Q: 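Dropping a structure here in structure tokens format, bear with me for questions.
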Amino acid sequence: MKDNLIQFRMKSESTKSMPEQEISLIQEIRELLSEFHCNYPLVTKKAILLRIDQLTDELIFNKH
């Protein structure tokens, strides 16, 4: 972790066994995380975090 940023890396072999829906959810979460670091107003950052939370819940519930 450098400059308080977490670098997320996806294992190449793990994507082969993942369904397409899970991959798209993870990609959207990653895009939102990169947007979060932009200089947006607080209300926009809260909206981004809310959407990340929703996508994470969807990803977790799809696993069960």
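Computed from a prediction, not measured in an experiment: that's the story for all the values here. Along the sequence shown, residues carry numbers from 1.
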Q: Could you state the interatomic distance from NZ (Lys45) to CG (Leu50), rounded to the nearest 0.5 Å?
A: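 Result: 15.5 Å between the selected atoms.
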Q: Looking at CD1 of Ile29 and CZ of Phe36, how far apart are the two atoms once the value is rounded to the nearest 0.5 Å?
A: 14.5 Å
Q: A side-chain contact here means heavy atoms from C-beta on lying under 4.5 Å apart; do Leu32 and Leu55 qualify?
A: yes
Q: Which distance, rounded to the nearest 0.5 Å, do you find between the CD of Glu58 and the CD1 of Ile60?
A: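 Spacing of CD (Glu58) from CD1 (Ile60) equals 11.0 Å.
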Q: Quick one: do Leu59 and Ile23 end up in the same hydrophobic cluster if we chain Ile, Leu, Val, Met, Phe, Trp and Tyr together by side-chain heavy atoms under 4.5 Å apart?
A: yes
Q: Do the side chains of Leu49 and Asp53 get nearer than 4.5 Å, heavy atoms only?
A: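 Asp53 does not reach Leu49 side chain to side chain.
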Q: At what distance, to the nearest 0.5 angstrom, does CD of Glu35 lie from CD1 of Ile52?
A: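 Glu35 CD to Ile52 CD1: 10.0 Å, rounded to 0.5 Å.
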